[in-house]
Amino acid sequence: MRSKMNFIGLGVLFLASVAVQRGAQRGGTAVLPVPGAPTAQAGQRGGAARGGGQGAPTQGFPAQQRPPGDAGLISRGNTLYGIHCRSCHGADLRGGEQGGPNLLRSEVTMNDQSGELIQPVIRDGRRNSGMPSMPPLDLSMDDIRAIAEYIHSVLATARGQGSPPPGPPVALNVLVGDAAAGRAYFEAKCASCHSATGDLKGIGSRFANPAQLQNTWVAGGAGGRGGVTSPVTATVTLPTGQKVDGRVIRSDDFIITLGMPDGTSRSFRRDGDVPKVEIHNPREGHLKLLPGYTDKDIHDVTAYLVTVK
Amino acid sequence: MRILLLLTLAVLPALLAAQSSGGLDPAVLLKPLADNWATYSGDYTGKRFSSLTQINRNTVKNVTLSWVARLNGTAGSPQSIVGGVGSGEYTNVTVKGFVLYFDETLYVTSADHVWALDARDGRLLWHYFWRTRGGTHTGNRGVAMWHNYLFFETPDDYLVSLDARTGKERWHVEIADFDQQYFSTMAPVVVGDHLLVGTGNDLDASGFLQSYDPESGKLQWKFYTVPMNPGDPGLETWPSLDAARHGGGQVWIPGSYDPETKLYIFGTGNPTPGYTGVGRKGDNLFTCSVVALHVDTGKMAWYFQTSVHDTHDWDSTQTPVLIDGIINGRQRKLVSTAERNGYFYTLDRVTGEHIVTAKYGSTSNWAKSVRPNGVVEPDPLKEAIIPGSLVSPVESGVTNWPPPAYSPETGLFYVPEHNGFNMLYLTDPDPRGSMGLGGKSVSGVGSAGDFLTAIDYKTGRVVWRKPISGGGVGAGLLATAGGLLFGGDGSGNLMALDSRDGKPLWHTRIGNASNAPETYLLDGRQQLLIAVGDTLYAFTLY
């Protein structure tokens with residue numbers, strides 16, 4: 001239910017620089033950031049800006065604030081969990097193959113303070129219709145407290161509203177595409193503007209991982225000199241016929257503001273089509289391509305581009 | 001003695017009645033929107049269509065600022081009253097919900113705060129601050145009013161009632177389990193002697209709507225949006241009861257109400273885990289649905305699922321709009337909704353019968369087909385996948401919770417349209433799925449544009465699209481019988497547009513609106529109210 005308009009759309013007429021700036025204002029970290037491209041998901045983690053724009057600080061997650069538990073007790077609880085609970089509830093507490101429920105989203109564990117709610121379940125077992133049953137376990141209250149402390153220590157690693165405790169890192173292979181098909185696609189669709197021996201030379205080694213490369217090229221942020229995208233510019237044609245060119249600082253229905261080469265800026269009032277305004281967005285061609293890509297095209301081209309040395 | 005007793009008995013009902021008389025009579029909310037703005041959408045229809053006409057296509061150019069009121073800095077003033085169960089300190093505030101206007105007074109909220117302001121000049125009458133015990137602070141969508149009492153929800157899951165005249169607390173009750181990570185933002189809705197209260201959660205918990213007695217704060221009924229017990233309806237759309245009970249469907253935006261059928265109609269949130277649907281195969285009823293409840297009992301009359309087995313966090317928590325219109329020559333009682341997933345639906349609001357399904361999000365690419373009953377079938381290939389899928393819209397959707405508007409004069413349904421694209425990666429391929437909104441990563445890769453979009457509710461056809469600068473309309477819309485449509489763009493302008501074609505007629509650059517525009521009548525003059533962060537701006541015509 002993450003609600004807020006985190007995404008600052010890079011409209012055909014919109015400005016990458018503004019997007020980046022506004023994304024940053026929303027106080028989040030972009031996932032897999034793309035240099036020179038929108039930090040579109042800024043503000044995701046904090047859940048801060050669910051409306052209107054300005055965020056409120058995120059206070060206290062998880063909601064159940066508790067002091068860190070005793071390390072020795074947690075360690076003992078971890079061992080006891082491994083012996084008595086793990087086979088049903090899973091090594092990561094998120095439920096196991098034998099049908100034990102996920103303890104990280106359990107009403108019992110989340111409301112428990114120091115074993116008082118967990119203890120009756122362990123002592124008496126559980127037999128709910130529609131749920132797998134749990135046999136009673138003969139454990140001392142001390143052991144149950146240790147297990148409870150361990151469970152709470154895992155719950156406390158949740159990273160924010162809606163974000164589960166991180167599991168161990170998983171190696172994922174983003175490169176599933178067909179490099180030869182990607183090369184053919186590139187030569188047919190991209191080569192009129194880009195070249196593997198020119199502007200994209202060495203692109204395969206320019207990024208930390210293939211996902212970053214993929215995000216960047218799909219966003220149209222990989223071309224140009226050294227991957228730096230040129231700014232959005234505009235030509236304003238005044239009623240006198242005079243033309244003014246500059247970098248777009250602001251553009252809405254009522255005013256357009258251009259940055260001049262000498263560092264000053266000029267603003268023009270807009271009234272419908274007067275003055276005439278032509279926006280030149282270097283990424284426009286890429287933005288127009290977005291609705292047309294298939295995921296296979298994307299994966300193939302990425303598989304090809306990582307080979308471009 | 002007996003005479004005394006009789007006298008007492010005779011006077012007692014009058015005394016009791018006095019408690020709940022005066023102030024805002026719930027019957028006022030049944031009237032078409034004009035003089036007051038006394039419930040979330042102004043009235044129960046969700047249209048956000050005001051019949052006020054002083055500010056119109058001809059006069060709007062003469063609209064002028066009446067007053068400005070800044071809310072930061074009012075904390076700790078002599079008028080401040082402090083309540084709450086925790087130790088939370090004052091933080092900067094942002095108005096991200098509706099402002100209630102009634103009887104020359106404005107009631108404004110931010111998370112943990114309520115203010116009463118004199119509507120003539122924005123002067124502070126009182127301020128109430130709730131000391132929080134923590135939790136997720138995303139915002140507050142406003143108060144509800146019943147006679148002289150106000151009601152608001154807190155992020156740490158209390159429903160608090162205040163005396164509207166003084167700001168003094170009457171009572172507070174706990175409405176959801178804080179330890180399960182519920183957090184509460186919704187503006188409660190008064191319907192007769194019911195106070196409807198929703199809450200939110202992103203961590204695999206069941207969604208529900210509750211009705212409270214506005215006098216006593218006692219629970220009247222509780223409706224779960226997911227199956228909670230064996231045999232519950234919809235359980236066949238989940239792989240197990242455990243999955244259903246953790247299946248989400250939170251109710252965090254107010255619905256609309258039809259007094260003739262006594263149906264309260266609202267949208268439910270996304271299923272959980274949000275992005276990894278592998279552990280909840282099936283349609284996942286009644287998440288991402290429009291649901292109609294009998295308001296006196298909380299029993300469901302009908303539902304229509306607007307996102308089947310959602311795997312993109314596209315809550316169906318948009319404001320349903322009640323429209324009376326003619327379909328195929330027949331007068332019908334309808335409800336229309338433009339959803340976060342980019343689809344527009346019109347239903348019969350008495351029966352839930354499907355009438356229109358239409359795509360309005362220009363680039364929405366997640367659907368595979370439309371079932372005969374109008375339900376859109378998602379394409380599993382557009383879920384999060386390890387090598388990444390290109391998905392439009394982005395997580396925040398084509399539109400979001402900020403309200404749309406409808407004008408019976410143009411027959412057009414107005415909604416912000418955002419056509420962003422994400423690369424969506426599965427990062428947790430565990431066959432059990434992830435939890436909450438975890439298990440994925442996203443990267444925005446651009447947008448095909450942001451628009452204000454006008455839709456014909458009878459067909460779902462987009463009649464016009466107006467490009468909106470700066471990322472589009474951010475905070476909701478207002479339509480009026482003056483032929484106007486009010487909304488903010490993303491470049492800091494509050495605009496009045498011609499409701500026929502979207503042409504701008506007036507604007508003022510006050511900063512990006514943080515709530516939707518409202519209008520009401522004060523001293524015989526039409527007022528226009530908007531919030532920008534912690535600041536309220538009131539405009540009028542002199």
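Chain identifiers are assigned alphabetically (A, B, ...) following the order of the sequence lines, protein sequences preceding nucleic acid strands; residue numbering begins at 1 within each chain.
With a 4.5 Å cut-off on non-hydrogen atoms, B:Asp534 does not touch chain A at all. At a 4.5 Å heavy-atom cutoff, the contact between B:Thr363 and chain A is made by side-chain atoms alone. Within the 4.5 angstrom heavy-atom criterion, no atom of B:Ser110 approaches chain A. Only the side chain of A:Val170 comes within contact range of chain B, judged by heavy atoms closer than 4.5 Å. Contacts of B:Leu381 with chain A are made by backbone atoms alone, with heavy-atom separations under 4.5 Å and no side-chain atom involved. For B:Pro429, the part lying under 4.5 angstrom from a heavy atom of chain A is the side chain only. Neither the backbone nor the side chain of B:Ala244 has a heavy atom closer than 4.5 Å to any heavy atom of chain A. At a 4.5 Å heavy-atom cutoff, the contact between A:Ile298 and chain B is made by side-chain atoms alone. Contacts of B:Asn365 with chain A are absent, with no heavy-atom separation under 4.5 Å from either backbone or side chain. At a 4.5 Å heavy-atom cutoff, the contact between A:Asp92 and chain B is made by side-chain atoms alone. When heavy atoms are compared at a cutoff of 4.5 Å, B:Gln180 approaches chain A by way of both its backbone and its side chain. With a 4.5 angstrom heavy-atom cutoff, B:Asp156 does not touch chain A via any of its atoms. For B:Lys382, the part sitting under 4.5 Å from any heavy atom of chain A is the side chain, from C-beta outward, and nothing else. The contact between A:Leu104 and chain B is made by backbone and side chain atoms together, counting heavy-atom distances below 4.5 Å.
Interatomic distance, CH2 of A:Trp217 versus CG of A:Leu213, reported as 9.0 Å (0.5 Å rounding). Once rounded to the nearest 0.5 Å, the distance linking CD1 of B:Ile468 with NZ of B:Lys466 reads 5.0 Å. The distance from the NE2 atom of B:His246 to the CG atom of B:Leu203 is 9.0 Å, given to the nearest 0.5 Å. The CG atom of A:Asp271 sits 5.0 Å away from atom CZ of A:Arg269, with the distance rounded to the nearest 0.5 Å. Atom CG in A:Leu172 sits 7.0 Å away from atom CG in B:Leu426 (nearest 0.5 Å). Here CG of B:Asn422 is found 8.0 Å from OG of B:Ser396. Values are rounded to the nearest 0.5 Å.
Of the candidates B:Thr399, B:Asp310, B:Thr317, B:Asp315, B:Arg340 forms a side-chain hydrogen bond (donor to acceptor under 3.5 Å, both in side chains) with just one, namely B:Asp315.
Residue with the most contacts toward chain A among B:Ile253, B:Asp204, B:Val95, B:Asp428: B:Asp204 (heavy-atom pairs, distance under 4.5 Å). Between chain B and the options A:Thr294, A:Ile255, A:Val176, A:Asp253, the largest number of non-hydrogen pairs under 4.5 Å is found for A:Asp253. Interface check for chain A: of the options B:Pro504, B:Pro155, B:Ala516, the most heavy-atom pairs under 4.5 Å are formed by B:Pro504. Most heavy-atom pairs under 4.5 Å with chain A, from the set B:Ser434, B:Gly269, B:Gly248, B:Ser362: that is B:Ser434. Looking only at heavy-atom pairs under 4.5 Å with chain A, the residue among B:Ser389, B:Gly274, B:Ala531, B:Gly492 that has the most is B:Ser389.
B:Phe451 is linked by a ring pair (Phe, Tyr, Trp, His ring centres under 6.0 Å) to nothing, counting only residues two or more places apart in sequence or in another chain. With sequence neighbours left out, the ring pair (Phe, Tyr, Trp, His ring centres under 6.0 Å) criterion links B:His312 to B:Trp314.
For CZ of A:Arg270, the number of neighbouring non-hydrogen atoms (other residues, nucleotides, ligands) closer than 6.0 Å is greater than 12. Remark: A:Asn173 CG is packed, more than 12 non-hydrogen atoms of other residues, nucleotides or ligands lying under 6.0 Å away.
Relative orientation of the A:Phe254 and B:His507 rings is parallel, given thresholds of 30° and 60° on the angle between their planes.
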